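Because the structure is a prediction, the values reported are computed rather than measured. Only heavy atoms go into these numbers, but all of them, side chains included; no hydrogens, no water, no symmetry mates.
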Amino acid sequence: MKGGKSKSDSKKADAKLAVKKGAANAGKKGSKKAGKDPNKPKRPASAFFVFMEEFRKKFNEENPNNKAVSAVGKAAGQKWKSMTDAEKAPYIAKADKRKIEYEKNMKAYNKKQASGANAEEEDESEKSMSEVNDDEDGDEGSEEEDDDE
């Protein structure tokens with residue numbers, strides 16, 4: 001009987017841990033991922049996706065009744081695999097041009113971010129101690145109001 005009791009006790013303990021673990025992870029999710037910057041350049045499409053842009057238009061014209069996205073993808077994949085390197089070359093060249101443009105944009109973006117981060121640090125250091133203390137006092141005031149009720 002001790003074995004049965006210990007199993008149920010361990011299940012209860014596991015359930016308690018799972019709740020605590022989930023709550024801890026919920027807090028980490030927000031701090032782990034800061035969010036996307038809308039000004040950050042998008043990664044360039046690969047050669048296959050450059051091909052897909054063109055292929056999708058042709059496929060939809062030839063098959064107007066086919067609404068399944070998966071059908072387009074399967075057909076494009078089969079076509080891409082059957083193509084020779086010479087047939088793929090124009091798409092690879094377009095993809096390379098997009099990649100070079102993306103790298104230029106990323107360098108400019110990173111420089112802008114680095115200079116922006118320095119400006120933010122300067123703004124933070126210029127904040128007077130009285131402003132910092134005022135922020136802290138505002139939090140304490142709300143707690144005191146709760147005690148009065």
Side-chain angles (χ1 to χ4, degrees), residues 8-83 85 87-149:
S8 64
D9 289 344
S10 65
K11 287 181 184 178
K12 288 180 185 176
D14 289 346
K16 290 179 182 178
L17 288 175
V19 171
K20 289 180 183 177
K21 188 176 182 181
N25 287 341
K28 288 182 183 177
K29 272 188 178 179
S31 62
K32 192 174 191 181
K33 195 170 188 180
K36 291 186 178 182
D37 184 0
N39 298 326
K40 185 175 182 179
K42 291 186 177 183
R43 293 183 66 186
S46 67
F48 175 71
F49 282 99
V50 173
F51 163 75
M52 276 287 292
E53 292 171 1
E54 205 173 286
F55 181 83
R56 191 177 294 114
K57 292 175 188 173
K58 291 179 186 175
F59 186 85
N60 288 334
E61 288 173 2
E62 294 170 3
N63 304 302
N65 295 332
N66 191 352
K67 301 290 182 187
V69 176
S70 60
V72 179
K74 287 178 184 178
Q78 290 173 350
K79 173 77 173 170
W80 182 255
K81 287 178 183 176
S82 68
M83 292 172 67
D85 289 340
E87 291 172 328
K88 292 179 183 179
Y91 303 109
I92 294 170
K94 287 180 186 177
D96 288 342
K97 286 181 184 177
R98 291 182 183 185
K99 186 175 182 180
I100 291 168
E101 185 66 26
Y102 168 77
E103 289 171 353
K104 288 178 185 175
N105 291 339
M106 277 303 293
K107 285 181 183 178
Y109 173 79
N110 288 334
K111 285 181 183 177
K112 184 178 178 183
Q113 290 292 71
S115 65
N118 291 339
E120 288 178 14
E121 289 174 4
E122 289 173 7
D123 291 342
E124 187 76 23
S125 63
E126 290 176 3
K127 192 175 186 182
S128 69
M129 287 304 292
S130 62
E131 290 174 336
V132 172
N133 290 336
D134 289 343
D135 292 342
E136 291 173 0
D137 291 342
D139 294 339
E140 291 174 6
S142 62
E143 290 175 10
E144 290 174 7
E145 292 172 7
D146 292 340
D147 293 339
D148 292 340
E149 294 176 5

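For the pair Ala95 and Ser46, the tightest heavy-atom approach, listed with the atom from each and the gap, is CB-C, 3.9 Å. Residues Ala71 and Phe59 share a closest heavy-atom pair of O-CZ, 4.2 Å. Annotation for Met52 and Gly73: closest pair CE-CA, 4.4 Å, computed over non-hydrogen atoms. When all heavy atoms are compared, the tightest approach of Tyr102 to Pro44 is CG-CD, 3.4 Å.
By the 4.5 Å heavy-atom criterion applied to side chains, Lys79 and Lys58 are not counted as neighbours. Tyr109 has its side chain within reach of Met106: a pair of non-hydrogen atoms, C-beta onward, lies under 4.5 Å apart.
Asn105 contributes atom CG, which lies 12.0 Å from atom CD1 of Ile100 (distance to the nearest 0.5 angstrom). Distance check, rounded to the nearest 0.5 Å: NZ of Lys42 to CZ of Arg98 gives 12.5 Å. To the nearest 0.5 Å, atom NZ of residue Lys94 and atom CD of residue Glu53 are 8.0 Å apart. Atom CG of Asp96 and atom CD of Glu101 lie 13.5 Å apart (nearest 0.5 Å). In this structure, Phe48 CZ and Lys81 NZ are separated by 9.0 Å, a value rounded to the nearest 0.5 Å.
Using a 30° and 60° split on the angle between ring planes, Tyr91 and Phe51 fall in the perpendicular class, above 60°.
Qualifying salt bridge (Lys or Arg N to Asp or Glu O under 4.0 Å) partners for Lys88, counting only residues two or more places apart in sequence or in other chains: none. Partners of Glu103 by salt bridge (Lys or Arg N to Asp or Glu O under 4.0 Å), not counting sequence neighbours: none found.
For Asp37, the CG atom is densely surrounded, since the number of other residues' heavy atoms within 6.0 Å is greater than 12.
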